[in-house]
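We count ligands from 1, going down the list as the structure has it; atoms in each ligand are counted the same way. Keep in mind that what you see is a predicted model, and the values were worked out from it rather than measured.
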Amino acid sequence: MRVLQDLAALVGAAHVLGAESQTDSYCVDERALYHGRALAVVRPGTRQELVRVMSLCHAAKLAMVPHGGNTGYCGGATPDSSGSQLVISLERLDRIIAIDTVAATLTVEAGVTLADAQAAATAAGLLLPLSMGSQGSCQIGGNLSTNAGGLAVLRYGTARDLTLGLEVVLPDGRLLSQLQGLRKDNTGYDLKQLFIGAEGTLGIISAATLKLFPRPRAMQTVFAAVRDVGAATTLLSHVRAQLGDNVTSCEYLSANAMAQVAALLTDVQRPFTVEYAHYVLLEWAEFGDRHGPSAAHDIEQLFSPPIADGLVLDAVIAHSEKQRLALWRLRENVPAAEKALGGSIKHDISVPLGEVAEYVGRTSTQLLARWPTLRLSVYGHIGDGNVHFNVLAPIELDAAAFKRTHGADISALVHEIAQTMGGSFSAEHGVGLLKRDLLAQYAGGPRLEAMRAIKDALDPGGLMNPGKLL
Ligand code: MLT
Ligand code: ZN
């Protein structure tokens with residue numbers, strides 16, 4: 001095929017992968033829900049090459065599937081099964097372009113892993129607060145294309161909130177570059193917002209300028225057993241009232257989630273000798289020298305009203321970085337624990353913060369009324385109103401068969417209750433292939449029409465990541 005020869009001449013034959021054995025790993029998503037086939041995988045080595053690759057594809061009317069670290073949960077980076085789509089991998093665009101310690105910004109290419117971007121910020125004495133379990137392999141381009149959330153949204157916001165500037169290659173190869181990283185710029189439409197969360201359907205993000213923050217002097221981490229889900233959000237309000245904006249994370253684990261992860265991580269000591277029904281991992285940042293050796297005493301004081309009120313039943317404080325990381329491992333390994341048990345029917349809903357307890361209660365009751373032996377693995381970013389209301393098959397049944405038979409009904413119920421409570425069916429994982437029908441179902445006419453109009457305006461040939469999102 002002529003275009004493949006042109007691509008090889010452009011990026012080097014070694015970076016146009018054609019054999020199935022070479023393209024396989026690019027054609028299956030992280031959860032192995034989708035198995036596609038690619039015409040080829042092309043790996044441009046510079047942003048200029050990316051521009052020219054996309055111009056060639058545009059001229060040849062080739063569909064393009066952008067591919068980052070492939071850690072997404074919704075199949076957003078997987079080609080379809082036609083064998084006619086070209087996968088464009090950003091993995092070689094892995095340069096740190098600039099770090100500005102005065103403006104506190106970091107400019108990176110799209111293929112830089114989140115961990116490498118964090119390390120660059122750390123080396124400059126600053127903090128890139130975006131963080132998540134997959135940070136060793138997920139890439140900045142994918143983080144922005146899916147508007148990733150992660151573990152510190154409570155304090156620092158999502159990937160969108162952390163983006164000051166963006167460079168995007170449009171579907172026809174034109175470069176839209178706004179990497180200046182200005183904190184203020186009121187010159188018409190803020191176009192970067194269109195591409196963040198667009199899942200590669202409007203163009204390919206090639207670089208970004210991200211906000212950095214002062215590094216905290218220390219993090220304080222408390223793992224608490226709480227009376228119920230409502231106590232978790234009330235506890236957060238109490239702690240925020242005392243510590244203000246320094247609270248960075250408020251993560252929830254149900255008893256089942258905790259039991260699963262404790263069974264997986266046999267080397268991590270459980271925080272309590274008895275089992276509770278609900279747990280919260282709370283973390284906040286300390287700046288300056290407000291706390292000293294009396295930190296533990298201060299924390300005890302902070303927690304004494306919620307303990308007296310019966311909201312907090314028990315709590316442990318991390319006294320060292322090692323203890324802190326052990327507590328975080330409990331939270332971060334819940335998805336791995338579910339996987340080890342045969343996988344879960346995953347959900348990623350959000351509701352207004354004040355409704356989370358009602359949502360969890362109502363959804364649990366309705367699911368268990370219909371499937372009494374389901375195992376509910378509820379956990380997640382409760383401080384953001386975002387819970388992963390995951391569902392494992394009854395222990396006596398085959399997980400895959402159960403999912404095939406009942407998965408759709410279970411998910412419909414989980415999503416419908418979120419919708420009726422003013423929530424979202426996808427708080428952080430995005431839409432991709434997996435939730436496209438849900439977007440069509442729930443977005444509403446005008447919103448969907450506006451999205452389609454934007455798509456048609458920027459990608460009239462429908463070449464960018466076809467079949468995803470819309
Ligand atoms: C998490 O918060 O751990 C993930 O977003 C949820 C998951 O892996 O299902
Ligand atoms: Zn999550």
- prompt: Looking only at side chains, do Y73 and E428 share a donor and an acceptor under 3.5 Å apart?
  reply: no
- prompt: the Zn ion (ligand 2) is nearest to which N, O or S atom of H388?
  reply: NE2
- request: State, without any angle test, whether T113 and Q139 hold a side-chain donor-acceptor pair at a distance under 3.5 Å.
  value: no
query: Looking only at side chains, do R215 and T122 share a donor and an acceptor under 3.5 Å apart?
result: yes
message: Tell me whether ligand 1 is touched by E332 - counting only heavy atoms on the residue side and a distance under 4.0 Å.
response: no
- request: Tell me, please, if E428 has any N/O/S atom, main chain or side chain, under 2.8 Å from the Zn ion (ligand 2)?
  value: yes
- request: Using a cut-off of strictly less than 2.8 Å, determine whether H429 has an N/O/S atom near the Zn ion (ligand 2).
  value: no
- prompt: Of all the heavy atoms in H381, does at least one lie under 4.0 Å from an atom in ligand 1?
  reply: yes
message: Tell me whether the count of non-hydrogen atoms from other residues, nucleotides or ligands lying under 6.0 Å of CD in E30 goes above 12.
response: yes
statement: The answer for which part of H429 has a heavy atom under 4.0 Å from ligand 1 is side chain
- request: Enumerate the atoms of ligand 1 whose separation from the nearest heavy atom of E428 is less than 4.0 angstrom.
  value: 2 (O), 5 (O)
Identity and distance of the protein heavy atom lying nearest atom 9 (O) of ligand 1: K346 NZ, 2.6 Å
- prompt: If you count the non-hydrogen atoms of other residues, nucleotides and ligands that lie under 6.0 Å from CD in E20, is the total more than 12?
  reply: no
task: Count the heavy atoms belonging to other residues, nucleotides or ligands that lie under 6.0 Å from CZ of R447, then report whether that count exceeds 12.
output: no
- request: State the atoms of ligand 1, each with its element, that fall below the 4.0 Å cut-off from a heavy-atom position in Y73.
  value: 7 (C), 8 (O), 9 (O)
message: Starting from atom 2 (O) of ligand 1, what is the nearest protein heavy atom, named by residue and atom, and what distance separates them?
response: R331 NH2, 2.7 Å
- prompt: Do the rings of H388 and Y379 sit parallel, tilted or perpendicular, given the 30° and 60° boundaries?
  reply: tilted
